Undergrad: 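For reference, the structure I am asking about is given below.
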Amino acid sequence: MGRLDGKVAIVTGGARNIGAVYATTLAAEGARVVVADVLDGAPAAQAIRDAGGEAVSVEVDVSREDDTQRMAKTAMDAFGRIDVLVNNAAIYVSIQRRPFHEISAEEWDRVTAVNIKGVFLCAKAVFPHMRDQGGGRIINISSNTVMAGTPNFLHYVASKSALIGMTRSMAREMGSYGIRVNAIAPGLVEHDGQSVPPELSASRVSARSIRRRQTPEDLTGAVLYLAASDSDFVTGQTLVVDGGDILY
Ligand SMILES: NC(=O)c1ccc[n+]([C@@H]2O[C@H](COP(=O)([O-])OP(=O)(O)OC[C@H]3O[C@@H](n4cnc5c(N)ncnc54)[C@H](O)[C@@H]3O)[C@@H](O)[C@H]2O)c1
């Protein structure tokens with residue numbers, strides 16, 4: 001018996017890196033998964049099916065409303081319900097860190113369109129289905145750069161800050177429909193998809209209470225907790241999962 005047997009979960013940005021780990025983890029707990037990404041999510045969905053799970057993929061740019069509506073329709077057509085939305089898609093690994101005054105207005109607009117508007121549009125797309133079912137879970141992936149005030153990343157930090165406020169407002173608006181909305185703020189997660197300079201890695205490790213590198217698997221417990229009934233009375237919260245780097 002999995003904790004998510006009978007549930008349907010959409011993972012945006014689920015084609016690779018941390019999102020693919022979320023998708024695999026939710027599937028291993030019994031969820032039927034929709035891998036939604038601007039990249040081809042078919043290999044990630046196939047890997048879940050190869051492991052005995054159920055998954056489909058859909059190509060979606062989360063900053064486009066038509067795409068997000070198609071994402072929800074794909075989930076409904078394939079599985080007939082939507083219980084969990086993990087808003088993980090973001091412009092992240094491709095960002096070049098630079099002083100704020102060197103960030104172009106165009107780059108600012110693109111990062112905020114995907115990282116903020118994308119979360120709004122995905123929530124809007126799943127909401128009627130969750131409301132009609134009598135409940136659901138939305139998990140917004142923020143970042144501990146918000147609490148750290150990480151420099152040279154202003155559009156990204158602004159976008160991930162917005163998600164914390166949006167999580168609170170969305171929780172209040174959707175609570176009466178049985179929809180819980182929470183956020184996770186990871187620390188620097190090291191995986192094959194991003195090259196972390198050794199000095200940056202070492203600085204994060206030494207700042208943490210738990211002195212080791214953070215992996216995508218360090219986040220799966222938090223995602224499962226917020227997706228499953230264990231967190232039934234928790235909403236509007238941001239769970240910082242960073243090995244005790246930020247303590248607040
Ligand atoms: N890696 C870290 O250190 C770290 C730390 C804190 C938070 N996060 C957050 O965790 C999440 C995953 O990070 P990651 O390290 O796997 O980075 P990533 O850049 O590989 O993951 C983002 C995913 O979103 C997808 N995506 C990008 N634009 C999209 C769009 N317009 N529509 C749909 N999908 C789109 C990408 O294709 C990718 O699969 C992101 O939200 C990121 O901001 C990462």
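Computed from a predicted structure; not experimentally measured. Every number for a ligand or one of its atoms is a count from 1 in the order of the listing.
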Undergrad: Tell me which pairs pass ring pair (Phe, Tyr, Trp, His ring centres under 6.0 Å) where either residue lies in residues 153-195, with sequence neighbours left out.
TA: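 Every pair satisfying ring pair (Phe, Tyr, Trp, His ring centres under 6.0 Å) with a residue in residues 153-195: Tyr92-Tyr156, Phe127-Tyr177, Phe153-Tyr156.
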Undergrad: Is a donor on one side and an acceptor on the other found under 3.5 Å between the side chain of Asn88 and the backbone of Thr12?
TA: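 Yes; judged by distance alone, with no hydrogens or angles, the pair exists.
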Undergrad: Is it the case that over 12 heavy atoms from other parts of the model lie below 6.0 angstrom from the CD atom of Glu173?
TA: no
Undergrad: Could you list the donor-acceptor pairs under 3.5 angstrom formed between side-chain atoms of residues 73-85 and any protein atom two or more places apart in sequence or on another chain?
TA:
unit_1: Lys73; atom_1: NZ; unit_2: Asp77; atom_2: OD2; d: 2.7
unit_1: Thr74; atom_1: OG1; unit_2: Arg70; atom_2: O; d: 2.8
unit_1: Arg81; atom_1: NE; unit_2: Asp83; atom_2: OD1; d: 3.2
unit_1: Arg81; atom_1: NE; unit_2: Asp83; atom_2: OD2; d: 3.0
unit_1: Arg81; atom_1: NH2; unit_2: Asp83; atom_2: OD1; d: 2.7
unit_1: Asp83; atom_1: OD2; unit_2: Val8; atom_2: N; d: 2.7

Undergrad: Is the number of heavy atoms from other residues, nucleotides or ligands under 6.0 Å of Gln96 CD greater than 12?
TA: no
Undergrad: If you count only heavy atoms, which residues are under 4.0 Å from ligand 1?
TA: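 Those residues closer than 4.0 Å to ligand 1 by some heavy atom are Gly13, Arg16, Asn17, Ile18, Asp37, Val38, Leu39, Val60, Asp61, Val62, Asn88, Ala89, Ala90, Tyr92, Val93, Arg110, Val114, Ile141, Ser142, Ser143, Tyr156, Lys160, Pro186, Gly187, Leu188, Val189, His191, Gln194.
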Undergrad: For residues 39-46, please give each side-chain donor-acceptor pair under 3.5 Å, one per line with the distance, not counting sequence neighbours.
TA:
unit_1: Asp40; atom_1: OD1; unit_2: Ala42; atom_2: N; d: 2.9
unit_1: Gln46; atom_1: OE1; unit_2: Arg49; atom_2: NH2; d: 2.7
unit_1: Gln46; atom_1: NE2; unit_2: Asp50; atom_2: OD1; d: 2.8

